[in-house]
**Student:** 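First the structure, then my questions, so here it is.
Note that the structure is a prediction, hence the values are computed from the model and not measured.
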Amino acid sequence: QVQLVESGGGLVQPGGSLRLSCAASGSTFRDRATAWYRRAPGKQRELVASITSGSETNYADSVLGRFTIARDNAKNTMYLQMNSLKPEDTAVYYCSLSRYNRQYQFLPHYWGQGTQVTVSA
């Protein structure tokens with residue numbers, strides 16, 4: 001059974017930084033793409049960034065240049081470094097694992113429980 005556990009969320013001031021982590025158990029990241037999604041209050045869940053096992057990445061336009069996705073396949077762990085955070089980045093951030101290894105058109109199959117990120121002064 002696949003389990004994805006996010007950590008690293010919290011409260012940060014505008015312009016600050018946070019680093020999220022996602023640890024997987026019950027399955028390997030090998031040959032599978034992973035991604036970060038987020039759901040802001042009153043909005044649909046949206047793809048933030050995805051990464052293949054070969055570290056090919058894809059970003060939403062709203063985070064390009066501010067967020068960096070990375071992964072350590074040996075540790076079955078994925079990261080999201082978030083810099084220059086804005087109030088509109090406030091959301092629950094979810095980790096996802098796909099059964100495929102696409103750079104684009106990420107197809108989620110497994111989800112974590114989410115971690116809250118709040119950007120506020």
Side-chain angles (χ1 to χ4, degrees):
Q1 185 174 355
V2 176
Q3 283 193 320
L4 301 173
V5 179
E6 303 96 336
S7 62
L11 173 64
V12 62
Q13 292 187 341
S17 298
L18 279 176
R19 188 194 194 207
L20 305 183
S21 298
C22 172
S25 60
S27 179
T28 178
F29 275 3
R30 187 177 301 167
D31 297 327
R32 297 182 178 191
T34 53
W36 288 99
Y37 283 76
R38 67 185 180 187
R39 176 178 283 159
K43 296 186 178 181
Q44 290 188 333
R45 185 155 49 188
E46 63 173 351
L47 178 67
V48 175
S50 64
I51 185 168
T52 67
S53 61
S55 294
E56 298 164 309
T57 59
N58 181 40
Y59 292 93
D61 288 344
S62 59
V63 306
L64 196 61
R66 300 188 298 122
F67 291 10
T68 302
I69 190 171
R71 57 192 275 168
D72 185 332
N73 293 331
K75 295 182 178 179
N76 267 4
T77 303
M78 176 178 64
Y79 307 96
L80 186 68
Q81 178 66 44
M82 304 185 294
N83 298 330
S84 302
L85 282 161
K86 304 175 181 180
E88 51 263 43
D89 294 317
T90 295
V92 178
Y93 283 72
Y94 298 91
C95 168
S96 180
L97 172 67
S98 177
R99 294 194 184 114
Y100 305 108
N101 202 23
R102 302 172 184 167
Q103 180 179 6
Y104 303 107
Q105 296 181 327
F106 181 85
L107 188 61
H109 291 99
Y110 305 98
W111 295 97
Q113 293 298 309
T115 185
Q116 176 71 46
V117 172
T118 302
V119 185
S120 175

**Student:** How many angstroms lie between CG in Asn101 and CD in Gln103, if you round to the nearest 0.5 Å?
**Tutor:**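 Going from CG on Asn101 over to CD on Gln103, the span is 10.0 Å.
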**Student:** Drop me the distance from Leu47's CG to Tyr59's OH, to the nearest 0.5 angstrom.
**Tutor:**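 Spacing of CG (Leu47) from OH (Tyr59) equals 11.0 Å.
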**Student:** What are the two closest heavy atoms between Leu18 and Leu85, and how far apart are they?
**Tutor:**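 Looks like N-CD1, 3.9 Å.
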**Student:** For the OG1 atom of Thr52 and the CZ atom of Arg32, what is their distance to the nearest 0.5 Å?
**Tutor:**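 Going from the OG1 atom of Thr52 to the CZ atom of Arg32 covers 14.5 Å.
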**Student:** Find the distance between CG (Asn76) and OG (Ser25) and round it off to the nearest 0.5 Å.
**Tutor:**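 One gets 8.5 Å once the value is rounded to the nearest 0.5 Å.
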**Student:** Can you list every pair that meets salt bridge (Lys or Arg N to Asp or Glu O under 4.0 Å) and has a residue in residues 79-102, with sequence neighbours left out?
**Tutor:**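 Applying salt bridge (Lys or Arg N to Asp or Glu O under 4.0 Å) to every pair that reaches into residues 79-102, excluding sequence neighbours, yields Arg38-Asp89, Arg66-Asp89.
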**Student:** Indicate, with yes or no, if Met78 and Val92 share a hydrophobic cluster defined by side-chain heavy-atom contacts under 4.5 Å among Ile, Leu, Val, Met, Phe, Trp and Tyr.
**Tutor:**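 The answer is no; the residues belong to distinct hydrophobic clusters.
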**Student:** Could you tell me the separation between the CD1 atom of Ile51 and the CZ atom of Arg71, rounded to the nearest 0.5 Å?
**Tutor:**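 Here the interatomic distance stands at 6.0 Å.
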**Student:** Nearest 0.5 angstrom please: Met82 CE to Arg19 CZ, how far?
**Tutor:**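 Here the interatomic distance stands at 11.5 Å.
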**Student:** If you compare all heavy atoms of Tyr110 against all heavy atoms of Leu4, which two are closest, and at what distance to 0.1 Å?
**Tutor:**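 Reported closest heavy-atom pair: O-CD1, 3.6 Å.
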**Student:** If hydrophobic clusters are built from ILVMFWY residues whose side chains come within less than 4.5 Å, do Tyr79 and Phe67 share one?
**Tutor:**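 Cluster IDs for Tyr79 and Phe67 differ.
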**Student:** Which pairs would a plain distance check flag for residues 113-121, meaning a side-chain donor or acceptor within less than 3.5 Å of a matching protein atom at least two apart in sequence or in another chain?
**Tutor:**
| residue | atom | partner | partner atom | Å |
| --- | --- | --- | --- | --- |
| Thr115 | OG1 | Gly9 | N | 3.3 |
| Gln116 | NE2 | Ala91 | O | 3.4 |
| Gln116 | NE2 | Thr118 | OG1 | 3.3 |

**Student:** Show your reasoning for whether side-chain contact (heavy atoms from CB on, under 4.5 Å) applies to Tyr104 and Glu56.
**Tutor:** CA-CA 9 Å; Tyr104 303 107; Glu56 298 164 309; over 6 Å; no
**Student:** Keeping Ser96 on the side-chain end and Ala35 on the backbone end, is there a donor-acceptor pair under 3.5 Å?
**Tutor:**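 No, because the side chain of Ser96 does not come within donor-acceptor range (under 3.5 Å) of the backbone of Ala35.
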**Student:** Please report the shortest heavy-atom distance between Trp36 and Ser21, naming the atom on each side.
**Tutor:**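 Answer, listing the atom of Trp36 first, then Ser21: CH2-O, 3.5 Å.
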**Student:** Could you see if Val48 belongs to whatever hydrophobic cluster contains Leu20? Use Ile, Leu, Val, Met, Phe, Trp, Tyr and a side-chain cutoff under 4.5 Å.
**Tutor:**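 Yes; tracing contacts between hydrophobic side chains, which count when under 4.5 Å, links both residues.
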**Student:** Taking the side chain from Glu6 and the backbone from Cys95, do they hold a donor-acceptor pair closer than 3.5 Å?
**Tutor:**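 Present.
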**Student:** Can you find a pair of side-chain heavy atoms, one from Phe106 and one from Asn58, that are under 4.5 Å apart?
**Tutor:**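 Counting from C-beta outward, Phe106 and Asn58 never come under 4.5 Å.
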